[in-house]
Protein chains: 2
Amino acid sequence: MRKRKGAGRPTISDVAERAGVSTITVSRALRDPSKVSDHLRRKINDAVRKLNYVPHSHASALASTRSNVIGVIVPSLTNNVFADTLRAIYDELYQGPFQVQLGNSRYVAKDEERLVRTFLGQGPSAMIVAGVDQTDATRELLENAECPVVQVMDISDDPIDMMVGFSHFEGGRAAGVHLVQKGYKRIGFLGARMDPRSHRRMEGFKEALRSGGRYDPDLMMTTTDSSSVSLGGHLIEQLRKCRPDLDAVFCNNDDMALGALFGCQKAGISVPDEMGIIGFNDLEMMAASYPSLTSIRTDRYQIGKRAVQMIKAVLDGETPEQKIIDLGFELQCRESTMRPKSKAR
Amino acid sequence: MRKRKGAGRPTISDVAERAGVSTITVSRALRDPSKVSDHLRRKINDAVRKLNYVPHSHASALASTRSNVIGVIVPSLTNNVFADTLRAIYDELYQGPFQVQLGNSRYVAKDEERLVRTFLGQGPSAMIVAGVDQTDATRELLENAECPVVQVMDISDDPIDMMVGFSHFEGGRAAGVHLVQKGYKRIGFLGARMDPRSHRRMEGFKEALRSGGRYDPDLMMTTTDSSSVSLGGHLIEQLRKCRPDLDAVFCNNDDMALGALFGCQKAGISVPDEMGIIGFNDLEMMAASYPSLTSIRTDRYQIGKRAVQMIKAVLDGETPEQKIIDLGFELQCRESTMRPKSKAR
DNA sequence: TTGTATGCGTTATCAA
DNA sequence: TTGATAACGCATACAA
């Protein structure tokens, strides 16, 4: 019977032969060098280099029922917010032995569930999912998964395993408090997509307005359409049509805020004198616009970085001091909410 | 000797047993149903459903030296341009049996080479890479790869295998022709990052200016810094400092163009009367800004979609009519280049 | 610390 | 069209 030919590249046996040891010793030398004597380790490393040996990840995954893949599931590929976190994850994993398996749930919980099921089937080394609003089935899958799981971008008091994010409720509240303090009177909300995190931002915002005696449900305008700059413009135009006395808006995110700014400019409304605008996330453009736009800064890059660091720590056998990392947020007060005759108290 | 326990989920043997056939028949029934009789196929499909069987991809990859992974390498995760293409790739692959393996080369050719090497090692079903400016080594790797390869976002007359994109040179030229036609006299270029594609855009742009008798090398301003809205503002400010008579700019991309717009507004320069601005890619925000911004529209989503379609076709044994697909671009003329007293000829 | 035997779940090979 | 058997390359269990 003729032998099957593999991919042609060197295998662990080739390395073992060249180094004069058994395959398992090579395997150990590569995965946990401390388990192999210095002498052999050196010979093995030499052989690896000479042969330009790269472990076959599929064979490894099959034998160990564990792959070096870290599953990452985000709700959007085009939303800058997740792009920053993703970039951090890739940056942090660039050196290491891990591969990213990226899934796009498109803001659909059922799709996320499907992806989690698929990814878990590959025996990932860890999982990173966005938000805390998984379906019950997803939660259960993840809770029973034999790998670290990090929920990112949000926090709650009931993590599946670990969490890195910030409170969207508090972020929304801070935006509301800011507008109230600046003396704006008829304060509205412009919300696109309205995924769970946007919802909590809105709730926090409402609470701040209520406390400040400025809450008016008619000024809360939301849609499930995905957010965009043009949508921000349309919504503020619509809202102003019903309520011309509107004098400030908190936008769901920065794209919407930029759109709202353009909308005001088109309508000849002065920002911030006649209309205060505040966004969320503080994308780079917020500081560069004219007038510059106030926003709630969140550190998406850091979120991705910390998530990976936690995973690495757990995989190294360490126990992280905290399972929940609240990275907070920071109000970036800029021209769009700087009224000259501010009535700050 | 005790048996090793796997992940616990059903295997192909379980299905085979339940259907009363051999494992290889199950394998065939799943991969190429036409090779199995209707009778058995039905029994097998029943068993698969009953057991909720999902093939173990690692085992499959190991045995066949071919995985269901499609490797995708982009130079940036945060650049909207690639995000759109990525989204299309994911959308188009959502149903199918394929997984995306995403790599971020961060605009570094050597990193791309490393990623290609790694991905190819996993025996991907196909590869998608951005641009046509791979290193020689990368090209060789890809040319020898036993899978379809698609270069996206750009085109040349020398594809590794297949291509979907458009001519950046022509795109840049179209921008130049437009500004010349609009009667602008002292026309500049603002370029960030200056990756190979940006470079070709600039070259096309220069050519148009030369033909129009408007080329002035002193007005070409480039930097290797990554593009951003604020950078667009800084560059135009700088350029105007040296050359206050500047009356139009072509920006490398839309972020830069938006920044240039803000920069002008800050400086009290009227757009488009005193300064014409044109961007590249036509992101959604370009139409929503005030004034709206002229740009060269490219269909990034379609690029991703077509790339995947080509791959699927080839994998299905079809031969695509064309190896190079030029999706072109389209000038979106908006307010930022609409001078009232336009001297269009 | 090192090695032997064997299994991980699938597919390629060859035979019927 | 279907099946028996041997790979695929590595890691686990156990022994030395």
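The figures here come from the full heavy-atom set of this structure, side chains too, leaving out hydrogens, waters and symmetry mates. On a predicted model such as this, the values are computed, not experimentally measured, just so you know. To find a chain, count down the sequence lines: A is the first, B the second, and so on, and within it residues start at 1.
The side chain of A:S27 contributes an N or O atom lying less than 4.0 Å from OP1 or OP2 of D:dA11. OP1 or OP2 of C:dT2 lies within a sub-4.0 Å distance of a side-chain N or O belonging to A:S37. Close to C:dC8, at under 4.0 Å from its OP1 or OP2, lies no side-chain N or O of A:T65.
Closest to the side chain of B:A63, from the set D:dC8, D:dC10, D:dA4, is D:dC8. Across D:dG9, D:dT2, C:dT2, the shortest atom-to-atom separation from the side chain of B:T25 is found for D:dT2. Set against D:dC8, C:dT1, C:dA12, the side chain of B:S64 has C:dA12 as its closest nucleotide. With distances taken from any side-chain atom of A:S22 to the nucleotides C:dT11, D:dG9, C:dT4, the minimum falls on C:dT4. Out of D:dA11, C:dG9, C:dA12, the shortest distance to the side chain of A:R31 is found at D:dA11.
In this structure, CG of A:L30 is placed 16 Å from P of D:dG9, rounded to the nearest angstrom. Rounding to whole angstrom units, NE2 of residue A:H56 and C1' of D:dA7 are separated by 13 Å. Computed from coordinates, the B:I24 CD1 to D:dA4 C1' distance equals 10 Å when rounded to whole Å. To the nearest angstrom, P of D:dG9 lies 14 Å from CG of A:L51. C:dT10 atom C1' lies 16 Å from atom CG of B:D32, rounded to whole Å. In this entry the distance linking NZ of A:K35 with C1' of D:dT12 reads 11 Å, nearest Å. If you take CZ of B:R66 and C1' of C:dT11, they are 14 Å apart, rounded to a whole angstrom. In this structure, the CD1 atom of B:I12 is 11 Å from the P atom of C:dA12, given to the nearest Å.
With the nearest nucleotide of DNA chain D identified for both B:V21 and B:A59, B:V21 has the one nearer the 5' end. Along DNA chain D, the nucleotide closest to B:S34 and the one closest to A:Y53 are compared, and the more 5′ of them pairs with B:S34.
Salt bridge B:D195/B:R193: absent, no basic N to carboxylate O contact under 4.0 Å.
In this structure, B:R28 reaches the bases: a heavy-atom distance under 4.0 Å links it to at least one base atom across the strands shown.
Put simply, the side chain of A:Q122 never gets that close to the backbone of A:S67: no donor and acceptor are under 3.5 Å apart.
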### Task
Apply side-chain hydrogen bond (donor to acceptor under 3.5 Å, both in side chains) to A:R114 and A:T118, showing your working.
CA-CA 6 Å; A:R114 202 192 79 146; A:T118 303; 5.2 Å; no
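Proximity of B:V69 to B:S125: side-chain heavy atoms (C-beta onward) are nowhere separated by under 4.5 Å. Side-chain contact between A:I70 and A:Q99 is absent, with no heavy-atom pair separated by less than 4.5 Å.
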